[in-house]
Amino acid sequence: MPTTTADTSDKIIDGKAFAARLRREVLNDVADLKDRHGIVPGLAVVIVGEDPASQVYVRNKVKLTKEVGMNSFHHELPADISQSHLIAKVAELNADPLVNGILVQLPLPMNLDEASVIAAISPEKDVDGLHVINAGLLATGGKAMVPCTPLGCKIMLEETIGDMSGMKAIVVGRSILVGKPIAQLLLNANCTVTMAHSRTKNLADEVRAADIVIAAVGRPEMIKGSWIKKGAVVIDVGINRIDAPERGEGKTRLVGDVEFATAAEQASAITPVPGGVGPMTIACLLQNTVTATYRQQGIDF
Ligand code: NDP
């Protein structure tokens, strides 16, 4: 007997649509800053070396920054740049009044120390939210610049669920970039949060108890549909490229950390990969740049 798969299309959280809406809001804020205050927000992106994936991300960021009416400053630096020269470039951008947000594209080449480069960015211009001051502000409930991917997840969850107070959430993955700030945001939204990682025992049971599942691991389809509680909301941050021989020789495709088809049958809502969290990340970068501009200018928003 052939197996039939239930139609789960109505459960998909459409990250592209969320991102398009957020970019429209940013465009309106940028127009307001121009019209009422004579300010054009500026985002500086620093890329070191020629990593092809990073080049694609940066080109996309530059294009979308211009589309919402902001100034985009693009700095391409050679892979063999010294630590002190890179930090001097960051200091120059910190001092530039036309630059409201600074993003240093990661990963940096091996010879450079990422932590000290991030520490050199002015926390007020740290639109990636990675500076320890911003991590500390997020942890203590202050006015942090929130890392873009976690912020995107939070926005989609709030709009999908509404009040998350008292819900059980599990975040699988504890990176500084994704897992930890997401857990912090969920805690701030009054969820009861479990953080899972590579040493967690009985991960399947931990996931089964959760009303909200965030997967940020980087392992293709590791979280099985049978682990998902009926009605849970699933946010899949993972982006994994796998072989797809069914599409032809040498072809590949992207999958998340969650086994999508089976998880979608259990979940009440789920983000796809691609087209879920990914598009929100850049939209949140633009929103963070506007937020940084308002704060730097002391304008209420
Ligand atoms: P990291 O590699 O920094 O962190 C991975 C985390 O997963 C670690 O905390 C690790 O645990 C945990 N982990 C690894 N194996 C297991 C396992 N078997 N069971 C449970 N936990 C495990 O990755 P990132 O956080 O940077 O990224 C995670 C994923 O999200 C990647 O696929 C990345 O491409 C994607 N991503 C997507 C973005 C987007 O815009 N959509 C943006 C950023 C990332 P431990 O700490 O114990 O090692």
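Values reported hereafter were calculated over all heavy atoms of this structure, with side chains retained and with hydrogens, waters and symmetry mates removed. Note that ligands are numbered from 1 as they come in the structure, with each ligand's atoms numbered from 1 the same way.
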Heteroatom distance test (Asp257, ligand 1): nitrogen or oxygen, under 3.5 angstrom
no
Please confirm whether Ala216 approaches ligand 1 to less than 4.0 Å, judged on its heavy atoms.
yes
What do you reckon, does Gly179 put a non-hydrogen atom under 4.0 Å from ligand 1?
no
Mode of Met280 contact toward ligand 1 - side chain, backbone, both, neither (heavy atoms, under 4.0 Å):
neither
Is any side-chain heavy atom of Tyr294 less than 4.5 Å from a side-chain heavy atom of Asp32?
yes
Using 0.5 Å steps for rounding, measure from the CD atom of Glu76 to the CD1 atom of Ile81.
12.0 Å
Give the contacting part of Ile239 toward ligand 1: side chain, backbone, both or neither, where contact means a heavy-atom distance below 4.0 Å.
both
Among all residues two or more places apart in sequence or in another chain, which pass the side-chain hydrogen bond (donor to acceptor under 3.5 Å, both in side chains) test with Thr262?
Glu259
Identify which of Met195, Arg174, Lys180, His197 has a heavy atom lying nearest to atom 20 (C) of ligand 1.
His197
Could you list which atoms of ligand 1 come closer than 4.0 Å to a heavy atom of Gly278?
40 (O), 41 (N)
Which residue supplies the protein heavy atom nearest to atom 2 (O) of ligand 1, what is that atom called, and how far is it?
Val217 O, 4.3 Å
For Thr200, state whether at least one heavy atom is located under 4.0 Å from any atom of ligand 1.
no
Pick from Thr271, Val178, Leu203, Val273: the one approaching atom 43 (C) of ligand 1 most closely through a non-hydrogen atom
Val178
Please report whether ligand 1 has a polar contact with Thr281, defined as an N or O pair separated by less than 3.5 Å (distance criterion only).
yes
For Tyr57, give me all partners under ring pair (Phe, Tyr, Trp, His ring centres under 6.0 Å), at least two apart in sequence or on another chain.
none
Contact between Asn134 and His131 at the side-chain level, heavy atoms closer than 4.5 Å - yes or no?
yes
